[in-house]
Amino acid sequence: MPDSSFSSPEPGRPPAGIDTSRAGIARVYDASLGGKDNFEADRRALDAVLEVAPGMCAVSRRNRAWLRRVLRYLAGVVGVEQFLDAGAGLPTVSNTHDIAQLVNPWARVVYLDNDPMVSAHGRVLLETNEDTVYLHGDLTDPAVLAADSSVWQYLDRDRPVALILGAVLHHLPDAADPAGIVARMVDALSPGSYIAITHFWDPGEESPDHQLAREVERRFVEKGLGSGWYRSRAEIESYFTGLELIAPGVVPLDEWWPSGPVHPPATAEERLILGGVGRKSGLMSVQ
């Protein structure tokens, strides 16, 4: 399996890689889901957040449940057969390929992550699935979806792709221009492609949850992980500029195509994340 050789131009902190003394985004997320692929530094970073926001592990679970519903919609209802999960993190339960290929056995999935330790581990775990690959690459790199990108060795760039950006853009600083990164990636996809995003949300000073958002952000950024910014609804919606938003739009996670009755968030932390799906205009040619 060839490996991509992207640079890492992100103006934020580089990935932890094999430095287990530093917290890594993917490993902290794994710890929040109760996984075992994490180290003491990752658990310390998570504990610093849980001191003020004990519901953050529930946020990770809700994000995973949102992903399952979105994938069933994309692979089943609209018939997407190609998936690119960028900033994918470590394979765990209910992965993108698990759900997409359960709905459509012919679905092809490419995972992309800029942490070399994560991508190496992902390749080992997925080596028996011929329709799923894990590549090392950085979504902040302008060349990440260029014509000669390794991604297009596995996906057909002339057919629709579902781009999954779940819980990743809030780890990019403002200086990295997250909206610009999304726009550049969307531009590289064929018409009829879909983009699915979740992002930490700061509801603003008028909300009683504003101070919690600010304190959790401080803990993420200053207490070991180095990233995790809460942004306004307008900023999150800007990621979908030029796209057709799929109803019900950018909403709390449980309000997006729920599989049953809507379950109100049990904690304040669970209210502070939004998700949405957009479609790039043009005809979709699923064959």
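Values reported hereafter were calculated over all heavy atoms of this structure, with side chains retained and with hydrogens, waters and symmetry mates removed. On a predicted model such as this, the values are computed, not experimentally measured, just so you know.
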Point-to-point distance, once rounded to the nearest 0.5 Å, from CG of Leu212 to CE of Met56: 8.5 Å

Residues forming a salt bridge (Lys or Arg N to Asp or Glu O under 4.0 Å) with Glu40, sequence neighbours excluded: Arg44

Test log, rule side chain to side chain contact (heavy atoms under 4.5 Å, CB included), inputs Val161 and Trp152: CA-CA 11 Å; Val161 172; Trp152 304 125; 4.3 Å; yes

Sidechain N-carboxylate O distance under 4.0 Å for Arg108, Asp156: no

Non-hydrogen side-chain atoms of Leu145 and Leu84 separated by less than 4.5 Å: yes

Heavy-atom closest pair, residues Val250 and Ile236: CG1-CG2, 4.0 Å

Set of ring-ring contact (aromatic ring centres under 6.0 Å, His included) partners for Tyr73, sequence neighbours left out: Trp256, Trp257

Test item: Leu274 and Pro252 side chains (from C-beta on) under 4.5 Å apart, heavy atoms: yes

Heavy-atom closest contact (Val80 atom, Tyr194 atom, distance): CG2-CD1, 3.9 Å

Contact summary for Val186 and Lys280, nearest pair of heavy atoms: O-NZ, 2.9 Å

Inter-residue atom distance Arg271.CZ - Ser207.OG, 0.5 Å rounding: 7.5 Å

Donor-acceptor pair, side chain of His97 and main chain of Thr132, under 3.5 angstrom: no

Which residues share a side-chain contact (heavy atoms from CB on, under 4.5 Å) with Glu222, sequence neighbours left out: Arg218

Pairs touching residues 232-251 that satisfy ring-ring contact (aromatic ring centres under 6.0 Å, His included), sequence neighbours left out: His199-Tyr239

Steps toward side chain to side chain contact (heavy atoms under 4.5 Å, CB included) verdict (Val144, Asp138): CA-CA 7 Å; Val144 69; Asp138 196 320; 5.9 Å; no

Under 3.5 Å donor-acceptor, Asp85 side chain and Thr96 backbone: no

Residues in side chain to side chain donor-acceptor pair (under 3.5 Å) contact with Gln82, at least two apart in sequence or another chain: none

Hphob cluster co-occupancy, Val103 + Ile246, side-chain heavy atoms under 4.5 angstrom: no

Contacts of type side-chain contact (heavy atoms from CB on, under 4.5 Å), residue Ala196, not counting sequence neighbours: Trp66, Val70, Ile164, Val277

Partners passing salt bridge (Lys or Arg N to Asp or Glu O under 4.0 Å) against Asp47 (at least two apart in sequence or in another chain): none

For Asp42, side chain to side chain donor-acceptor pair (under 3.5 Å) partners two or more places apart: Arg27

Ala23 versus Val28, closest heavy-atom pair with distance: CB-CG2, 4.1 Å

Partners meeting side-chain contact (heavy atoms from CB on, under 4.5 Å) with Ser190 (sequence neighbours left out): Pro160, Ser193

Nearest non-hydrogen partners of Ala75 and Asn104, listed with the distance: O-CB, 4.3 Å

Residues in salt bridge (Lys or Arg N to Asp or Glu O under 4.0 Å) contact with Arg214, at least two apart in sequence or another chain: Asp202, Glu217

Residues which pass side-chain contact (heavy atoms from CB on, under 4.5 Å) with Thr241, listed by chain and number, not counting sequence neighbours: Ser238

Derivation and outcome, side chain to side chain contact (heavy atoms under 4.5 Å, CB included), residues Trp106 and Asp131: CA-CA 8 Å; Trp106 296 275; Asp131 289 318; over 6 Å; no

Gap between atom CZ of Arg43 and atom CG of Asn38 - 0.5 Å precision: 5.0 Å

Evaluation steps, side-chain hydrogen bond (donor to acceptor under 3.5 Å, both in side chains), between Tyr111 and Asn95: CA-CA 10 Å; Tyr111 292 99; Asn95 300 287; 4.7 Å; no

Minimum side-chain heavy-atom gap Lys223-Val49 below 4.5 Å: no

Student check: side-chain heavy atoms of Met185 and Leu139 closer than 4.5 Å: yes

Rounded distance [0.5 Å steps], CD in Glu244 versus CD1 in Ile195: 11.0 Å

Leu272 to Pro203 - nearest heavy-atom pair and separation: CD2-CD, 3.5 Å

All salt bridge (Lys or Arg N to Asp or Glu O under 4.0 Å) counterparts of Arg219, not counting sequence neighbours: Glu51, Glu215

Transitive ILVMFWY side-chain link Leu67 to Leu102, under 4.5 Å: no

Heavy-atom side-chain contact between Trp201 and Ile273 under 4.5 Å: no

Check: Thr198 side chain, Ala167 main-chain N or O, donor-acceptor pair, under 3.5 Å: yes

Candidate pair Phe83 and Gln101, rule side chain to side chain contact (heavy atoms under 4.5 Å, CB included), full reasoning: CA-CA 10 Å; Phe83 296 82; Gln101 292 170 358; over 6 Å; no

Distance (rounded to the nearest 0.5 Å) between Asn114 CG and His171 NE2: 11.5 Å

Approximate separation, where rounding is to 0.5 Å, of Leu50 CG and Glu269 CD: 9.0 Å

